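Not measured: the values here are computed from a predicted model. Position 1 is the first residue of the sequence; numbering continues from there.
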Amino acid sequence: MERPLLTLCLAGCLLAPGGRGAPGRVAHKLLHDLFANYSSALRPVEDTDRALNVTLQVTLSQIIDMDERNQVLTSYLWVRQAWLDTHLTWDKDSYGGIDSIRIPSSYVWRPDIILYNNADDHFGGSMETNVVLRSDGHIMWDSPAITKSSCKVDVSYFPFDGQRCRLTFGSWTYNGNQIDLRNRLDTGDLTDFVKNVEWEVLGMPATRNVITYGCCSEPYPDVTYTLLLRRRASFYIFNLLLPCIMVSLLAPLSFYLPADSGEKVSLGVTVLLALTVFQLLVAESMPPSESVPLIGKYYIATMTMITASTALTIFIMNVHHCGPGARAVPPWAQRLILRYMARLCGVHEVGGSCRGQRRAPGPGDTDGEVGTTDGTCPRHRCLCHHRVLLRHVAYIAGCFCRHRAAQRRTGEWKKVAKVMDRFFMWVFFLMVFLMSVLVLGKGA
């Protein structure tokens, strides 16, 4: 069986004694002798009852993409397989000192090693590259491959999460009694790895497993490489977490706004809508599962806090706008809120009282301006006019006192609302701080 294509592959590998290149007919003769009675369809062993040893080594070159929503890892690998073909040996002295040749991999028998957890639409093997064939029959096949493997993604601690993605290689048709698959090293090769902007590779340990499936009684060995990944959280901290913290700090400030501004409730609603947008951005990239990511829990807790602050703002505004007809502040509220909480929150005394007002003069009172007599008006003629005037003055003074009392009650309710505003402002500031520290600390 003649294969002229191999002549070009062999010509560059020949070196005749004396430093001259070996003639092309030597390569042609070697090719003819090797593949004269060779079949790439049969397992190359002398004893068919013995297993063929195949070693596997995987080099991780690049992580192309990690699709958390579909749970698919796309990576660029270099797969090296080595085995012994007893039907492809020669005496290098008989062929111009040729010790190794490089020929297309389709010309020799190859183990059907595939990626078990392949998630690609087009299920394919390695790239058709050349193999290195040595004179003692050892074959080494290096082939690059872009693989899409299924990876169980756990986003409980997103964006401070780490992932364990497995790459399981094994023969599809040969069992352990026919191919003994083993890993060449205890770990994957990371020397040529191109650093990823999103993921940091912590390691790639390799383990050999022998599994007996339910369909067959024979054992099937496989080599599993576990890719240990840790997410670089800087991007998500500056684009999702810090904006959420800054927006959350605006929610307690709604308690600081004056009640007459009319913007207290609208500020809380605006902050709630902003957090809803951030929550949707996180939900679009995460897989739909029962496990809520850490940042999602933070958003939900913050949105709940803002909803509670908006409801409290509405209640406090109702207290602030109590009209003149409102009843007086209860004594317990005066002691708890107007005395202790006001001092705690630094709210100063406001309003006044009509207790210090001068009492309205009565009919029997005498004053320098009322009831004085002079020589122009007899006392018995002005007394009736004085009584009418005193009744009007008493009525006006009573109305003024009742008005001041209503103002005092309204002022006290406004002060209650102001104290509650300041108190809840510091409470919610403390809650935002504690939640932020808890999220960052748990992620770290």
For the pair His28 and His32, name the ring-plane relationship: parallel under 30°, tilted 30 to 60°, perpendicular over 60°.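 Geometry flag for His32 against His28: parallel rings.
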
Would you please say whether a donor-acceptor pair under 3.5 Å links the side chains of [X] and [Y]?
X      : Y      : answer
Trp83  : Thr55  : no
Ser135 : Asp99  : yes
Trp172 : Tyr174 : no
Gln279 : Tyr298 : no
Ser171 : Asp112 : yes

Below 4.5 Å, heavy atoms only, C-beta onward: do Asn118 and Ser149 meet side chain to side chain?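 No, side chains not in contact.
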
Are the side chains of Val210 and Tyr220 in touch, meaning some heavy atoms are under 4.5 Å apart?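 Side-chain contact under 4.5 Å: no.
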
So, using side-chain hydrogen bond (donor to acceptor under 3.5 Å, both in side chains) as the criterion, who are the partners of [X] when residues are at least two apart?
X      : answer
Thr147 : Ser75
Thr168 : Thr224
Ser105 : Arg110, Glu128

Decide side-chain contact (heavy atoms from CB on, under 4.5 Å) for Leu241 and Phe278; before the verdict, give the C-alpha distance in whole Å, the side-chain angles of both, and the deciding distance to 0.1 Å. CA-CA 9 Å; Leu241 195 57; Phe278 283 110; over 6 Å; no

With Met204, which of Thr226, Leu167, Leu228 fulfils side chain to side chain contact (heavy atoms under 4.5 Å, CB included)?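 Considering Thr226, Leu167, Leu228, a side chain to side chain contact (heavy atoms under 4.5 Å, CB included) with Met204 is found only for Leu167.
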
Under a 3.5 Å distance rule, please check whether [X] uses its side chain to pair with a backbone N or O of [Y] as donor and acceptor.
X      : Y      : value
Gln62  : Val194 : no
Lys148 : Thr74  : no
Arg232 : Asn196 : yes

Test of understanding: with salt bridge (charged side-chain N to carboxylate O under 4.0 Å, His left out), list the residues that count as partners of Arg230, not counting sequence neighbours.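 Here the qualifying residues are Glu200.
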
How about Phe158 and Tyr236: are their ring centroids closer than 6.0 Å?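 When the ring centroids of Phe158 and Tyr236 are compared, they turn out to be within the sub-6.0 Å range.
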
Under the salt bridge (Lys or Arg N to Asp or Glu O under 4.0 Å) rule, what pairs show up with a residue in residues 62-86, not counting sequence neighbours?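 Passing the test, one end in residues 62-86: Glu68-Arg231, Arg80-Asp142.
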
So, using ring pair (Phe, Tyr, Trp, His ring centres under 6.0 Å) as the criterion, who are the partners of Phe255 when residues are at least two apart?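 Residues passing ring pair (Phe, Tyr, Trp, His ring centres under 6.0 Å) with Phe255: Phe428.
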
So that I can tick it off, tell me whether Asp180 and Arg182 are bridged by a salt bridge, with the cut-off set at under 4.0 angstrom between side-chain N and carboxylate O.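 The answer is yes: the pair qualifies as a salt bridge.
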
